[in-house]
Protein chains: 2
Amino acid sequence: MRPHVVLFGDSITEQSFKPDEWGAALANTYTRKVDVVVRGYGGYNSRWALFLLQTLLVGYSNPPVAVTIFFGANDAALLGRTSERQHVPVEEYKENIRKIVRHFKELSPTMLVVIITPPPIDEEGRNEYARSLYGDKARELSERTNEVTGVYAKQCIELAKELGVYSINLWSKMQETEGWQKKFLSDGLHLTAEGNAVVHGEVVRVFSKGGLDATQMPSDYPHHSEIDPKNLENSFLERSCKTEL
Amino acid sequence: MRPHVVLFGDSITEQSFKPDEWGAALANTYTRKVDVVVRGYGGYNSRWALFLLQTLLVGYSNPPVAVTIFFGANDAALLGRTSERQHVPVEEYKENIRKIVRHFKELSPTMLVVIITPPPIDEEGRNEYARSLYGDKARELSERTNEVTGVYAKQCIELAKELGVYSINLWSKMQETEGWQKKFLSDGLHLTAEGNAVVHGEVVRVFSKGGLDATQMPSDYPHHSEIDPKNLENSFLERSCKTEL
């Protein structure tokens with residue numbers, strides 16, 4: 001049986017199967033080894049995400065072997081600005097992510113859980129994006145700031161340490177590269193192709209560290225070159241036996 | 001519960017989650033509506049594919065709502081040339097595809113089954129590709145011809161009519177466009193980004209005709225703008241009720 005991993009998060013997860021995006025790239029990295037199941041919900045914060053947990057994976061008879069939990073970009077929207085309906089206080093955010101981790105660990109204690117922090121915010125990029133949509137009517141103050149999003153990112157890292165699960169500090173990692181504002185972010189928040197490559201690279205690195213190294217995992221059936229056309233039964237039978245061992 | 005569709009085929013299916021490829025594009029078209037499960041096996045012919053059927057979807061508690069069956073490019077490899085081990089006689093090919101269709105229809109009689117013909121072959125493209133790999137040692141005669149692959153494609157269409165299932169005549173469709181050899185094929189057989197766009201467009205068209213129109217299907221949870229932050233329980237409860245109706 002081919003295992004599956006779940007990508008649970010907001011728009012950055014929902015969009016991850018567009019060309020050059022990290023979800024599709026991950027599915028390609030794990031081709032014939034792991035199914036990648038996308039559960040991304042644009043605009044969602046961690047509070048709303050809690051309502052999805054019980055029905056998120058109905059139809060899958062086994063729990064996933066890994067999950068990425070990638071919320072926070074919306075929780076960190078500022079009170080008193082245009083996206084305040086999405087705001088979740090940082091203490092509650094941390095507790096919500098804790099509940100999400102607990103839910104997945106209850107499904108399977110051996111599940112590889114990876115908390116991903118929100119990416120950094122380029123406030124100027126957000127403002128340019130708002131002006132491109134609304135012209136002079138655009139709000140003057142960005143609905144998110146990099147500093148506040150950083151506070152949320154810090155909670156992810158602390159929580160991952162507390163719970164002994166993996167984390168990816170995307171907020172810090174991206175800012176290590178000069179010009180990250182335009183290089184990795186398309187509108188000050190969502191990811192460019194290069195930004196997606198960072199997420200893909202980090203997820204593959206952490207999955208590999210956690211025991212899901214695509215280069216070491218068996219493919220689900222024999223490679224075509226291993227098939228003996230004169231002895232098909234054995235070609236497929238041997239493989240099933242090997243897999244069962 | 002979110003339904004799933006299965007893409008069952010050879011390398012053109014296996015590679016379909018690379019950037020700009022048709023599987024990832026399909027997953028993006030059906031985001032939050034349908035899970036796309038890839039079961040592509042590079043180099044496989046329809047004879048070898050039969051050995052996978054019984055274990056192909058272990059772990060999924062329900063049958064898929066749709067399947068694409070996309071074999072034939074390897075079956076049509078010519079006897080007496082370099083890929084002859086993959087060759088399957090055309091009468092057997094048709095019977096193998098019939099068995100595959102029957103298998104899926106037995107899982108669920110309402111399943112939307114789509115047989116996709118192999119793409120056309122650009123023999124000169126195949127030879128260029130062989131020379132790029134083996135230089136002067138490359139074989140002089142293409143291991144596939146467009147004419148023979150066309151005979152296999154014809155069987156797909158006939159079979160689909162016999163069985164009353166959908167089909168996509170990729171072999172014919174691509175050849176309607178001038179310069180299809182380089183426009184749609186990267187090595188005389190596999191697909192360019194534009195070739196992938198043709199497959200994506202055709203699959204979406206046929207899925208829509210068969211009742212899986214992404215623009216008409218409900219998303220699996222409310223859109224974030226429909227969530228009432230002051231009445232979360234109701235926002236999510238109402239939606240579940242609607243979905244059950």
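Chain identifiers are assigned alphabetically (A, B, ...) following the order of the sequence lines, protein sequences preceding nucleic acid strands; residue numbering begins at 1 within each chain. Computed from a predicted model, the values in this text were never measured in an experiment.
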When rounded to the nearest 0.5 angstrom, what is the spacing between CG in B/Asp35 and CG in A/Asp35? 9.5 Å
For chain B, find which of A/Pro19, A/Ala27, A/Gly42 contributes the most heavy-atom pairs closer than 4.5 angstrom. A/Gly42
Residues at least two apart in sequence or cross-chain that pass ring-ring contact (aromatic ring centres under 6.0 Å, His included) with A/His4, listed by chain then number, are A/Tyr60
Among A/Pro3, A/Ser16, A/Ser225, A/Gly59, which residue forms the greatest number of heavy-atom pairs with chain B at distances under 4.5 Å? A/Gly59
Quick test of your reading of the model: are B/Asp20 and A/Lys18 salt-bridged, counting only N-O distances below 4.0 Å? no
4.5 Å side-chain heavy-atom contact, A/Pro222 and B/Tyr41: no
What heavy-atom pair brings B/Phe236 and A/Trp48 nearest, and what distance separates the two atoms? CZ-O, 3.7 Å
Looking at A/Arg47 and B/Leu232, what are the two nearest heavy atoms and their distance? CD-CD1, 3.6 Å
Are A/Arg32 and B/Arg39 packed together at the side-chain level, in the sense that at least one heavy-atom pair is separated by less than 4.5 angstrom? no
When the 4.5 angstrom heavy-atom criterion is applied to B/Glu21 and chain A, the contacting part is neither
Whatever's closer than 4.5 Å to a heavy atom in chain A on B/Arg85 counts as both
Highest number of heavy-atom pairs under 4.5 Å with chain A: which of B/Asn74, B/Thr55, B/Val37, B/Asp10? B/Thr55
Quick check for you: to the nearest 0.5 Å, what is the distance between B/Phe51 atom CZ and A/Tyr221 atom OH? 12.0 Å
Do you know which of A/Thr31, A/Leu52, A/Leu26, A/Val36 has the most heavy-atom pairs with chain B at a distance under 4.5 angstrom? A/Leu52
Select one option (side chain, backbone, both, neither) describing which atoms of A/Thr29 are under 4.5 Å from chain B's heavy atoms. neither
Atom OG of B/Ser219 and atom CD of A/Glu14: how far apart are they, to the nearest 0.5 Å? 7.5 Å
Would you indicate whether B/Tyr129, at its atom OH, is surrounded by more than 12 heavy atoms from other residues, nucleotides or ligands within a distance under 6.0 Å? no
